[in-house]
Amino acid sequence: MEQRRSKQLFNRAQQLIPGGVNSPVRAFRAVGRQPFFVERAQGPWLFDADGNRYLDYVCSWGPGILGHAHPRVVEAVQRACTGGLSFGAPTAGEVELAERISACVPDVEMMRLVSSGTEAVMSAVRVARGFTGRDKIIKFSGNYHGHSDGLLVKAGSGLMTQSVPDSAGVPAGYAVCTLTAVYNDTESVRRLMEENAGQVAAVVVEPVAANMGVVPPKPGFLAFLRQITQQTGALLIFDEVITGFRLALGGASEYTGVHADLYTFGKIVGGGMPLAAYGGRRDVMACVAPLGAVYQAGTLSGNPVAVTAGIETLKILMEDKGIYERIDRRAERLEAAFCRKGLTVNRAGSLLSAFFTPDWGEREGSVTNYEEACQCDREAFAAYFNRMLERGIYVAPSQFEAMFVSDAHEDELIERTCEAIGKSVS
Ligand SMILES: *Cc1c(COP(=O)(O)O)cnc(C)c1O
């Protein structure tokens, strides 16, 4: 596969942009090759700077549930652009998008639009702290909530109960307020709640984890989080930046039946534009300025072009009742294609991950938390990634990312992918 122009662009990029990319996973370091540069995308296809075509299962890391450049979304955005790119004043579109989000996820009684998932989660945590008057939060190892200081914190090693920063430049002081528990381990949450009685403002969780590969919640795990937060006066925050409008129109609360106090959305809700949202209980969101004392603002918040992309995307999802059934069924077909000894496949709706677990014996079939995800064979994953790419199929360049199925991945393309999987994992 010729990637000459991509190589040239990557060399130029590395002169000016750290690692040549504007978000680290794009550098392809985990799979030992250089990234291709995208020229354009249409439906399920990406086209690179050298004219190669790839069947895309990254879908912009989640937003592309309709495939790339859906004609209705593109047309709506073009129309919006003509009317001006940014006003810093309220628009009817913001009201319509808020009404649509609330119609899909009724728990979101009030919300704010922001520009990234990072901003949404950071703001939701601030609101939880403002509402409860408490400082600490509990998060889970392997859950990703964007790159704000307070959430770039990981569990300390071994028997240490203290969290530590997960990035240089994050003051150790942040780790004091961010406690880390083990995903799917109720006891680890109970212990932190007891040790920090009366101090925990919120438990923030990916209701279906999708940033350590896909790791679904065990039965009862989310219900336990609901119960213990209610008992201790903490809020439950579902970070649905990936799962929102993905697992179902109503996201994780519809998919799992468990309801949170606050929700964060991103990715799909912006239809491919920089837009995210956080919201939930009316009494909690009433803390946000100018109604309340929690400050949060944004020059580009509710940007009219981004809002238009979000509205049109949600419109299509709300109109087309068959879409979730279709994408889930296609993901199920891919799941079946991965099924073999030495692989552990986790799937939730149209999100799936194949973990390379070659020598796991009895334990095979069980990746339930970050520690287990980390034990997978990343070299085997890299080999699989490269074989898929040589066959023109682009899956996420890391064992710790999900495979996203879109409505543009028609059945015939899914079958072609299944064949490639068979040849690439054996
Ligand atoms: C992508 C993601 C974020 C961060 O969103 P950005 O728009 O990249 O800042 C937060 N939480 C989850 C669960 C995500 O998947």
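What you see is a predicted model, and the numbers here were worked out from it, not measured in a lab. Both counts, for ligands and for their atoms, begin at 1 and track the order of listing.
For Phe28 and Phe385, the ring centers sit closer than 6.0 Å to each other. Taking the six-membered ring wherever Trp is involved, the centroid distance between the rings of Tyr54 and Phe47 does not fall below 6.0 Å. Separation of the Tyr57 and His409 ring centroids falls under the 6.0 Å cut-off.
In this structure, Arg112 forms no cation-pi arrangement with Tyr278, as its terminal cationic atom is not both closer than 6.0 Å to the ring centre and no more than 45° off the ring axis.
Residue Asn211 has at least one heavy-atom neighbour below 4.0 Å for each of these atoms of ligand 1: 12 (C), 13 (C), 14 (C), 15 (O). Within ligand 1, counting atoms from 1 as listed, the ones closer than 4.0 Å to a heavy atom of Ser116 are 7 (O), 9 (O). Those atoms of ligand 1 that come under 4.0 Å of a heavy atom in Gly117, given as number and element, are 4 (C), 5 (O), 6 (P), 7 (O), 9 (O). Close contacts of ligand 1 with Ile242, meaning ligand atoms under 4.0 Å from a residue heavy atom, involve 15 (O).
Protein heavy atoms are absent from the space less than 4.0 angstrom from atom 8 (O) of ligand 1.
For Arg191 and Glu195, the salt-bridge test fails: no basic side-chain N is under 4.0 Å from an acidic carboxylate O.
Residue-environment remark: CZ (Phe87) exceeds the threshold of 12 foreign heavy atoms within 6.0 Å.
Looking only at protein heavy atoms, the nearest one to atom 15 (O) of ligand 1 is Lys267 NZ, 2.6 Å. What sits closest to atom 11 (N) of ligand 1 on the protein, heavy atoms only, is Asp239 OD2, 2.7 Å. For atom 3 (C) of ligand 1, the nearest protein heavy atom (residue, atom name, distance) is Val241 CG1, 3.7 Å.
Only the side chain of Glu206 comes within 4.0 Å of ligand 1, judged by heavy-atom distances.
Distance alone, capped at 3.5 Å, is enough to place a donor-acceptor pair between the Asn386 side chain and the Ala382 backbone.
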